[in-house]
Student: 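Below is one structure. I have some questions about it.
Numbers restart at 1 for each chain; the letters A, B, ... are given by sequence-line order, proteins then strands.
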Protein chains: 2
Amino acid sequence: MDDYREKDIDRLFYALSDSTRRKMLLRLTKGDTSISELGRPFDVSKQSISKHLKVLEDAGLVHKQKNGRVQKCRFNMDGFSVVQNVVEEYKKFWEGQFDALEDYIETIKHKEQKK
Amino acid sequence: MDDYREKDIDRLFYALSDSTRRKMLLRLTKGDTSISELGRPFDVSKQSISKHLKVLEDAGLVHKQKNGRVQKCRFNMDGFSVVQNVVEEYKKFWEGQFDALEDYIETIKHKEQKK
DNA sequence: ATAATAATTAGCTAAACAGCTAAATAAAGT
DNA sequence: ACTTTATTTAGCTGTTTAGCTAATTATTAT
């Protein structure tokens with residue numbers, strides 16, 4: 001869960017940097033579907049949808065499973081939670097900075113009281 | 001706060017899809033710094049660092065402020081919270097799907113009881 | 001057998017990007 | 001005035017990407 005390398009994280013964020021891919025992924029959070037179905041709302045070729053899906057798959061955000069000639073696509077929470085964790089980390093550091101500032105202010109206050 | 005367009009979100013995730021940029025941003029969550037200072041840990045030219053910083057800035061993740069000949073860089077939580085919100089949205093939908101499934105199971109159970 | 005459907009692969013073009021070096025701007029120190 | 005320091009701009013090369021069309025593979029239906 002934590003042995004994700006930088007390159008893997010690159011791929012995750014990159015996959016999310018395109019609105020077509022984000023919409024596809026959002027669709028999948030609501031339930032599994034075929035690739036054709038997944039591409040229907042978009043005004044691009046099926047080949048383009050396949051490519052977008054491959055980006056999502058390589059990033060680990062989506063899983064495909066062959067069922068006859070249809071590929072069932074499924075949202076992969078494992079991949080997505082890596083994104084969540086990274087985002088959380090930044091937030092923690094950022095908030096930690098203010099905690100440190102508060103600590104500092106507290107220290108100053110105590111010093112003042114001692115005077 | 002909610003009038004971020006798809007292209008803006010593209011830029012946010014894109015900015016985060018590079019490990020150098022992520023490291024720069026992580027550094028900034030811990031406190032403000034100059035561009036030179038920010039680039040010091042990396043084995044690339046200062047011009048490259050400037051470009052990376054511009055990507056972070058255009059995405060709204062970082063703010064620059066000129067102080068004499070030095071540019072002070074600051075983490076911008078406003079931009080970052082948009083990323084957080086998007087990530088949260090996907091999580092909610094995904095979890096919502098299971099809630100819906102639970103509801104469905106509950107419905108089935110009740111139907112069974114009525115028989 | 002053959003036609004239709006689902007999806008992929010190959011090959012193309014135009015645009016965007018990451019890195020570089022060299023040169024320019026702008027402020028500060030001597 | 002001159003030099004150093006901080007940063008940006010311009011221009012280059014190689015790589016990656018998004019979109020396309022055409023052709024291919026694999027599965028199902030008639």
Side-chain angles (χ1 to χ4, degrees), chain A residues 5-28 31-76, chain B residues 5-28 31-76:
Chain A
R5 309 213 171 284
E6 293 297 332
K7 285 282 169 198
D8 298 322
I9 301 176
D10 289 0
R11 267 189 285 274
L12 281 165
F13 281 106
Y14 183 78
L16 291 170
S17 75
D18 178 276
S19 98
T20 300
R21 283 195 293 265
R22 281 196 305 277
K23 284 172 192 160
M24 287 168 72
L25 193 64
L26 196 62
R27 166 66 187 80
L28 289 177
D32 300 356
T33 188
S34 71
I35 299 180
S36 312
E37 186 57 37
L38 193 58
R40 212 175 302 279
F42 306 102
D43 194 26
V44 290
S45 65
K46 60 203 162 149
Q47 292 90 333
S48 186
I49 294 294
S50 265
K51 271 196 188 176
H52 279 309
L53 192 61
K54 188 159 168 44
V55 174
L56 290 168
E57 207 188 353
D58 289 348
L61 289 166
V62 168
H63 254 117
K64 282 192 289 189
Q65 199 183 348
K66 204 163 185 175
N67 254 53
R69 69 183 159 183
V70 179
Q71 296 256 29
K72 206 186 218 178
C73 304
R74 173 164 290 174
F75 181 79
N76 182 17
Chain B
R5 310 212 171 286
E6 292 296 332
K7 286 281 168 199
D8 297 323
I9 301 176
D10 290 2
R11 267 188 286 274
L12 281 165
F13 280 105
Y14 185 78
L16 292 170
S17 75
D18 179 276
S19 98
T20 301
R21 284 195 292 264
R22 281 196 306 276
K23 283 172 191 159
M24 287 168 73
L25 193 64
L26 196 62
R27 168 64 189 79
L28 288 177
D32 301 355
T33 188
S34 72
I35 299 180
S36 312
E37 186 58 36
L38 193 57
R40 210 174 304 279
F42 306 101
D43 193 25
V44 290
S45 65
K46 60 205 161 140
Q47 291 90 332
S48 186
I49 294 295
S50 265
K51 272 194 188 177
H52 279 309
L53 192 61
K54 188 158 168 44
V55 173
L56 290 168
E57 207 188 355
D58 289 348
L61 289 165
V62 168
H63 254 118
K64 283 191 290 190
Q65 201 182 348
K66 203 162 185 176
N67 255 54
R69 69 183 159 183
V70 180
Q71 297 256 27
K72 204 186 218 178
C73 303
R74 172 165 291 174
F75 180 78
N76 182 18

Student: Checking side chain to side chain contact (heavy atoms under 4.5 Å, CB included) against A:Gln71, which of A:Lys64, A:Gln65, A:His63 comes through?
Tutor: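 Output: one option passes, namely A:Lys64.
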Student: Taking OP1 and OP2 of D:dG19, is either one under 4.0 Å from a side-chain nitrogen or oxygen of A:Ser48?
Tutor: yes
Student: For the pair made of CD1 in B:Ile35 and P in D:dT5, what is the distance, rounded to whole Å?
Tutor: 17 Å
Student: Let me know the distance between NZ of B:Lys66 and C1' of D:dT7, rounded to the nearest Å.
Tutor: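 Checked: the NZ to C1' distance equals 8 Å.
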Student: Under 4.0 Å between a side-chain N or O of A:Tyr14 and OP1 or OP2 of C:dA16?
Tutor: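 So the side-chain polar atoms of A:Tyr14 never come under 4.0 Å of the phosphate oxygens OP1 or OP2 of C:dA16.
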Student: Checking all strands, does B:Phe42 fall into the base, sugar-phosphate, or nothing category for heavy-atom contacts under 4.0 angstrom?
Tutor: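 Here B:Phe42 touches no strand at all.
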Student: Ignoring hydrogens, what is the shortest heavy-atom contact between A:Tyr14 and A:Arg21? Give both atom names and the distance.
Tutor: O-NH2, 3.3 Å
Student: Classify the nucleic acid contact of A:Lys51 as base, sugar-phosphate or nothing, counting any heavy atom under 4.0 Å across all strands shown.
Tutor: base
Student: Listed by chain and number, what are the salt bridge (charged side-chain N to carboxylate O under 4.0 Å, His left out) partners of B:Asp10, not counting sequence neighbours?
Tutor: A:Arg22
Student: Under 4.0 Å from OP1 or OP2 of D:dT8: is there any side-chain N or O of B:Gln71 that close?
Tutor: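 Checking D:dT8 against B:Gln71, a side-chain N or O does come within under 4.0 Å of OP1 or OP2.
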Student: Is the shortest side-chain N to carboxylate O distance from B:Glu37 to B:Arg40 below 4.0 Å?
Tutor: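 Yes, charged N to carboxylate O under 4.0 Å.
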Student: Determine the minimum heavy-atom distance between B:Leu12 and B:Ala59, stating which atoms define it.
Tutor: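 For B:Leu12 and B:Ala59, the tightest heavy-atom pair comes out as CD2-O, 3.2 Å.
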Student: Thinking salt bridges, do A:Asp8 and A:Arg5 make one under a 4.0 Å N-O criterion?
Tutor: no
Student: Under 4.0 Å: is that the gap between some side-chain N or O of A:His52 and OP1 or OP2 of D:dT17?
Tutor: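 Indeed not, no polar side-chain atom of A:His52 lies that close.
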Student: Between B:Glu57 and A:Asp18, just flag the one whose closest nucleotide in DNA chain D comes earlier from the 5' side.
Tutor: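 Of the two residues, B:Glu57 wins.
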Student: Looking at C:dC20, D:dT7, D:dC20, which one has an atom nearest to any side-chain atom of B:Lys46?
Tutor: D:dT7
Student: Got B:Lys46 and B:Ile35 here, is their nearest side-chain heavy-atom distance under 4.5 Å?
Tutor: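 Result no, sub-4.5 Å side-chain heavy-atom pair not found.
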Student: Without decimals, in angstroms, what is the distance between A:Lys54 NZ and C:dA6 P?
Tutor: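 It is 22 Å, rounded to the nearest whole Å.
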Student: Counting just side-chain N and O atoms, does B:Ser45 come under 4.0 Å of either OP1 or OP2 of C:dG19?
Tutor: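 No, no such contact exists.
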Student: Rounded off to whole Å, could you give me the CG-to-P distance for the A:Asp58 and D:dT16 pair?
Tutor: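 Spelled out: CG on A:Asp58 to P on D:dT16 is 14 Å.
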Student: Are any non-hydrogen side-chain atoms of B:Leu25 and B:Leu16 less than 4.5 angstrom apart?
Tutor: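 In contact.
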Student: Roughly how many Å is it from CD in A:Gln47 to P in D:dA18, rounded to a whole number?
Tutor: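 Computing the A:Gln47:CD to D:dA18:P distance gives 15 Å.
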Student: Counting any heavy atom closer than 4.0 Å, what does A:Ser50 reach on the DNA or RNA strands: base, sugar-phosphate only, or nothing?
Tutor: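 Base, at least one base heavy atom under 4.0 Å.
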Student: Is there a residue in residues 20-28 of chain A whose heavy atoms reach under 4.0 Å of DNA chain D, and which residues are they?
Tutor: A:Arg21
Student: Taking the side chain of A:Val70 as heavy atoms from C-beta outward, which of D:dC20, C:dA6, D:dG19 is closest to it?
Tutor: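 Shortest atom-to-atom distance from the side chain points to C:dA6.
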Student: Tell me: CD of B:Glu37 to C1' of D:dT5, nearest whole Å?
Tutor: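 So the two atoms are 14 Å apart, to the nearest Å.
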Student: Can you measure A:Lys64 atom NZ to C:dA7 atom P for me and round it to whole angstrom units?
Tutor: 9 Å
Student: Taking atom P of D:dT25 as reference, at what distance in whole Å does atom CZ of A:Arg69 sit?
Tutor: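 Roughly 18 Å, once rounded to whole Å.
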